[in-house]
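What's counted below: heavy atoms across the whole structure, side chains too, no hydrogens, waters or symmetry copies.
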Amino acid sequence: MERWTRAMIRYRWWVAGIWAALFLVSGYAASGLSDLLTNRFTLPGTDTARADSILEDHFGQKTVGSFTVVVKGEPGSAEQLLPTVRERAEAAANELPTGQLAGVQAVSDSVVSATIVSNLEPADAKGYTDDMRAAAGEIPGATVYVSGQAAIEHDLDPVFSHDLQVGELFIAIPIAALILAFVFGTLAFLLPLIFAAAAIPTTLAIIWLFAHVMELTTYLQNLVMLIGLGIAIDYSLLIVYRYREELRSGKSKEDAIVRTMETAGRAVVFSGSAVGIGLALMLFMPLPFMRGFGIGGLVIPLVSVACALTLLPVLVYFCVNGLDRVRIVPKRVLVSRDSEFNFWWRLSRGVMRNARAVAAATTAFLLLLALPVLWLEVGPGSNKGIPQNLEGVEGLNVISDAVGEGALAPTAIVGDTGRAGGVDSTGVRAAIGELEQGLRADPEVAAVRFGEGPQYVDPSGRYFHMDVIGTSEYGSPPALHFVDRLRDEIVPSARFPDGVSVYAGGGPPSGVDFLDLTYGAFPWLVVGVLLLTYILLLRAFRSVILPLKAIILNLLSIGAAYGLLVMFFKWGGAGAVGLISFDQIEGWIPVFVFAMVFGLSMDYEVFLVSRMREEWDDGRTNEEAVSAGLAKTGRIVTAAGLVMFAAFMGFVAGSIVGLQQFGFGLAAAILIDVTIVRALLVPSAMKLFGRWNWWLPTNVARVFRVKPSPLRRPDPHPAASSGR
């Protein structure tokens with residue numbers, strides 16, 4: 001690290017020039033990234049995927065690519081409206097590539113609906129919503145809605161944009177700027193912004209390359225910017241604070257930078273690796289949209305570490321001394337804060353004097369917060385969790401009141417008889433009749449649509465397709481339970497002949513398949529992440545105890561966040577603070593919360609414990625090392641955590657329940673981690689473990705190529721034991 005850092009300083013103009021060139025090239029590449037990202041949601045290897053494939057190849061449609069024109073008139077007007085609705089729906093279908101009018105029906109005495117199918121994904125189809133609405137026009141004496149999943153996504157896009165803009169511009173950025181200005185105390189608070197301006201575009205440019213060969217989600221850019229800014233703040237804080245400390249000890253500017261990179265820079269390398277391991281969890285999930293987040297989660301810490309090892313020492317050399325001359329916080333505050341015997345030192349000493357009580361109380365409190373996780377109920381999402389004043393949602397509510405809440409996302413049952421004309425065989429026809437009868441007898445089924453048209457039997461006569469409208473919305477527990485009955489009881493009891501395959505896709509089945517795919521893989525990947533993290537931290541901390549402690553404490557933080565999600569959104573606490581209560585937690589949220597919180601928490605753990613390890617190696621006692629480490633990094637970790645807390649609370653300020661849950665879970669976990677865990681539980685646990693904190697047997701050290709840490713050691717600084 002010393003040779004590397006001196007080389008960076010020696011060639012500093014080259015380093016700055018290369019990063020400037022990267023910024024320009026990356027900015028150009030990243031500008032085209034949005035066009036390559038998508039909202040496509042595929043479930044490879046599932047019945048939903050098989051049903052989709054047959055529908056697309058043989059019926060020219062997808063289970064999720066349809067629109068519904070809903071017309072509500074006066075009571076008793078439905079029959080008179082039918083011809084007009086058919087005409088308007090045909091005009092709307094003509095505006096949609098591959099669009100076909102699948103059927104028009106009166107669903108009540110005042111409501112008529114028309115279904116328009118296509119083979120487009122919702123992400124592609126939604127762009128035609130306005131044209132279709134213009135073509136559908138108005139009908140005197142009636143209200144016309146163009147709804148469907150694609151239309152609702154179209155209506156939600158400006159809501160997403162507005163919510164994110166409000167969250168970032170009016171909550172996250174102002175709070176982050178104030179915290180940074182106070183913590184840095186000088187104009188050096190601009191350094192993280194320069195760091196982020198280098199690392200984030202470079203990351204987006206690398207993702208631009210991946211986007212040419214992978215299916216990556218639209219929201220990946222938001223993840224990269226959020227995590228990129230957080231990491232930039234973390235690393236800049238750690239490096240600048242250590243550089244100031246080395247300058248105060250009398251070192252020259254270059255020597256201070258070298259020593260900073262030997263210590264804080266080393267922590268950054270291990271920290272970035274830990275963050276990458278946590279976020280890369282999603283790279284191995286069996287869903288393409290999650291793998292896209294895994295790519296971003298892996299690339300952003302790697303690029304940030306590269307930036308911290310090259311550009312950051314150069315920026316410190318060029319800028320920090322000059323920026324530090326312009327103080328924002330009074331000098332007396334900076335001096336008292338930089339003292340080793342500051343608030344964090346006093347707090348740690350108080351905690352360690354009552355270590356057993358503090359450890360027991362904080363652990364019990366976190367376990368109590370985590371207890372509601374036993375009632376955690378995940379689901380695929382719901383249209384009840386989005387603003388209800390959108391045209392697409394209003395149309396959904398009209399048809400839901402008339403037919404059933406499952407009308408907009410029906411179950412698509414698709415059969416493959418294995419041969420041309422197979423649908424007309426006696427055995428298949430009898431089984432289809434049995435299937436219809438079994439479906440109509442189920443309490444969750446509001447209607448079954450099947451007939452002789454091309455939307456129900458393909459031209460070859462090999463495939464058949466029927467739609468099943470449920471009484472409950474696609475993501476609700478009754479709808480999900482219906483899928484289990486459909487696949488396990490109703491379809492088998494129809495007794496289709498051998499060689500006939502029947503698949504259930506569409507609304508509720510896709511939700512079941514999503515949850516099965518996600519939570520079939522998630523536990524195993526968590527175990528893998530924990531093992532890799534333990535190995536990495538064992539080498540970073542040179543201890544067999546500290547990595548285990550770090551993992552357990554992180555799991556406590558995440559468990560408490562899960563419990564708070566249940567308390568607030570399922571048990572009604574959300575309503576008290578202006579959020580939307582909802583029985584289910586959207587299925588992607590626990591996965592994302594685990595990956596992001598685990599990565600960021602390990603970031604803070606590495607900063608804190610690496611400094612404690614350094615103090616221990618310098619000859620201090622266990623208690624002194626813990627106090628000194630917390631005194632010198634506690635404010636950094638807390639400030640970084642509060643900045644991320646503010647950023648995550650920006651999501652909570654929105655009007656979409658999924659983002660509220662996501663932001664709340666992240667914000668709660670980070671706040672718990674940088675307050676209860678880092679300030680109270682870490683020092684109390686390390687006091688109780690004593691010298692065992694630093695134990696690394698010789699045979700284990702040999703495997704990991706690091707210096708062993710025996711329980712007994714020579715004290716190179718006898719004065720340390722007298723209490724510095």
Side-chain angles (χ1 to χ4, degrees), residues 1-23 26 184 186-199 202-203 231-276 301-325 338 536 539-542 603 606-607 609-611 613-619 629 632-633 636 704-707 716:
M1 188 66 79
E2 177 184 358
R3 292 193 300 273
W4 174 267
T5 305
R6 292 194 188 278
M8 292 301 101
I9 294 172
R10 185 179 310 116
Y11 299 108
R12 54 189 176 273
W13 289 107
W14 279 101
V15 173
I18 289 171
W19 276 102
L22 276 174
F23 173 78
S26 299
F184 275 98
T186 69
L187 279 184
F189 83 90
L190 298 173
L191 205 65
L193 305 181
I194 302 173
F195 185 112
T202 304
T203 302
I231 289 177
I233 290 169
D234 292 351
Y235 295 173
S236 300
L237 275 169
L238 188 67
I239 296 295
V240 170
Y241 262 81
R242 186 55 185 260
Y243 171 69
R244 288 171 173 173
E245 182 182 333
E246 298 300 333
L247 279 182
R248 287 195 300 271
S249 71
K251 291 184 176 65
S252 67
K253 181 164 72 171
E254 182 170 331
D255 288 343
I257 295 173
V258 169
R259 180 58 182 163
T260 295
M261 298 306 295
E262 286 178 330
T263 52
R266 179 181 181 276
V268 162
V269 173
F270 282 107
S271 170
S273 303
V275 173
L302 294 181
V303 171
S304 296
V305 168
C307 188
L309 295 180
T310 56
L311 181 61
L312 197 50
V314 171
L315 290 176
V316 171
Y317 187 92
F318 280 136
C319 304
V320 169
N321 288 4
L323 293 173
D324 275 348
R325 294 191 186 100
D338 290 337
L536 175 75
R539 196 182 192 289
F541 299 154
R542 295 191 318 182
D603 204 24
V606 171
F607 290 171
V609 178
S610 291
R611 190 57 190 263
R613 173 85 232 193
E614 187 182 335
E615 299 294 333
W616 168 262
D617 288 340
D618 195 40
K632 294 176 180 178
T633 59
I636 300 173
F704 288 92
R705 300 171 61 87
V706 293
K707 183 180 177 181

Checklist entry - What is the minimum heavy-atom distance between Leu311 and Ala198, and which atoms define it? => result CD2-CB, 3.6 Å
Checklist outcome for this item: In short, Met8 meets Val314 closest at the heavy-atom pair O-CG2, 3.7 Å
Item to check | Tyr11 OH: over 12 foreign heavy atoms closer than 6.0 Å | outcome: no
Next on the checklist: Once rounded to the nearest 0.5 Å, what's the spacing between atom CG of Leu191 and atom OH of Tyr235?
Outcome noted: 15.0 Å
Next on the checklist: When you compare the side chain of Phe23 with that of Thr202, does any pair of heavy atoms fall below 4.5 Å?
Outcome noted: no
Next on the checklist: Assess whether a salt bridge exists between Glu245 and Arg611, defined as any Lys/Arg side-chain N lying under 4.0 Å from an Asp/Glu carboxylate O.
Outcome noted: yes
Checklist entry - Atom CD1 of Ile257 and atom OH of Tyr317: how far apart are they, to the nearest 0.5 Å? => result 7.5 Å
Checklist entry - Checking side-chain contact (heavy atoms from CB on, under 4.5 Å) for the pair Leu312/Cys307: CA distance, chi angles, key distance, verdict? => result CA-CA 6 Å; Leu312 197 50; Cys307 188; 5.9 Å; no
Checklist entry - Do the side chains of Phe318 and Trp13 get nearer than 4.5 Å, heavy atoms only? => result yes
Checklist entry - Side chains of Arg244 and Thr186: is there a donor and an acceptor less than 3.5 Å apart? => result yes
Checklist entry - Do Ser304 and Phe195 come within less than 4.5 Å of each other through their side chains, counting heavy atoms only? => result yes
Next on the checklist: Quick test of your reading: applying salt bridge (charged side-chain N to carboxylate O under 4.0 Å, His left out), list the pairs with at least one residue in residues 256-265, sequence neighbours left out, ordered by first then second residue.
Outcome noted: Arg259-Glu262, Arg259-Glu614
Next on the checklist: If I compare all heavy atoms of Ile239 with all of Gly265, which pair ends up nearest, and what's the gap?
Outcome noted: CD1-N, 3.9 Å
Checklist entry - Between atom OG of Ser610 and atom CD of Glu615, what is the distance when rounded to the nearest 0.5 Å? => result 12.0 Å
Item to check | Residue list, side-chain hydrogen bond (donor to acceptor under 3.5 Å, both in side chains) with Asn321, at least two apart or on another chain | outcome: Tyr243
Next on the checklist: Can you tell whether the side chains of Asp255 and Arg6 come within less than 4.0 Å, N to carboxylate O?
Outcome noted: yes
Next on the checklist: Can you give me the closest heavy-atom contact between Phe270 and Val606, atom names plus distance?
Outcome noted: CB-CG1, 4.2 Å
Checklist entry - Residues two or more places apart in sequence or in another chain: which of them pass salt bridge (charged side-chain N to carboxylate O under 4.0 Å, His left out) with Arg12? => result none
Checklist entry - Is any side-chain heavy atom of Ile231 closer than 4.5 Å to a side-chain heavy atom of Pro301? => result yes
Checklist entry - Are any of the side-chain heavy atoms of Met1 and Leu309 separated by less than 4.5 Å? => result yes
Item to check | Any side-chain heavy-atom pair of Trp19 and Trp14 under 4.5 Å | outcome: no
Checklist entry - With a 4.0 Å cut-off, would you call Asp617 and Lys707 a salt bridge? => result no
Checklist entry - If you take all heavy atoms of Ala188 and Leu323, which pair is closest and at what distance? => result N-CB, 3.6 Å
Next on the checklist: Determine whether a donor-acceptor pair (N or O, by modelled atom type, separation under 3.5 Å) exists between the side chain of Arg613 and the backbone of Arg542.
Outcome noted: yes
Checklist outcome for this item: Value for CG (Leu315) from OG (Ser236), rounded to nearest 0.5 Å, stands at 8.0 Å
Item to check | Validation row: Lys632, Arg242 side chains within 4.5 angstrom (heavy atoms) | outcome: no
Next on the checklist: Please give me the minimum heavy-atom distance between Pro313 and Thr5, naming the atom from each residue.
Outcome noted: CB-CG2, 4.4 Å
Checklist entry - Would you say the side chain of Leu237 lies within less than 4.5 Å of the side chain of Pro192, judging by non-hydrogen atoms? => result no
Checklist entry - With under 30° as parallel and over 60° as perpendicular, where do the rings of Phe184 and Tyr241 fit, or are they tilted in between? => result tilted
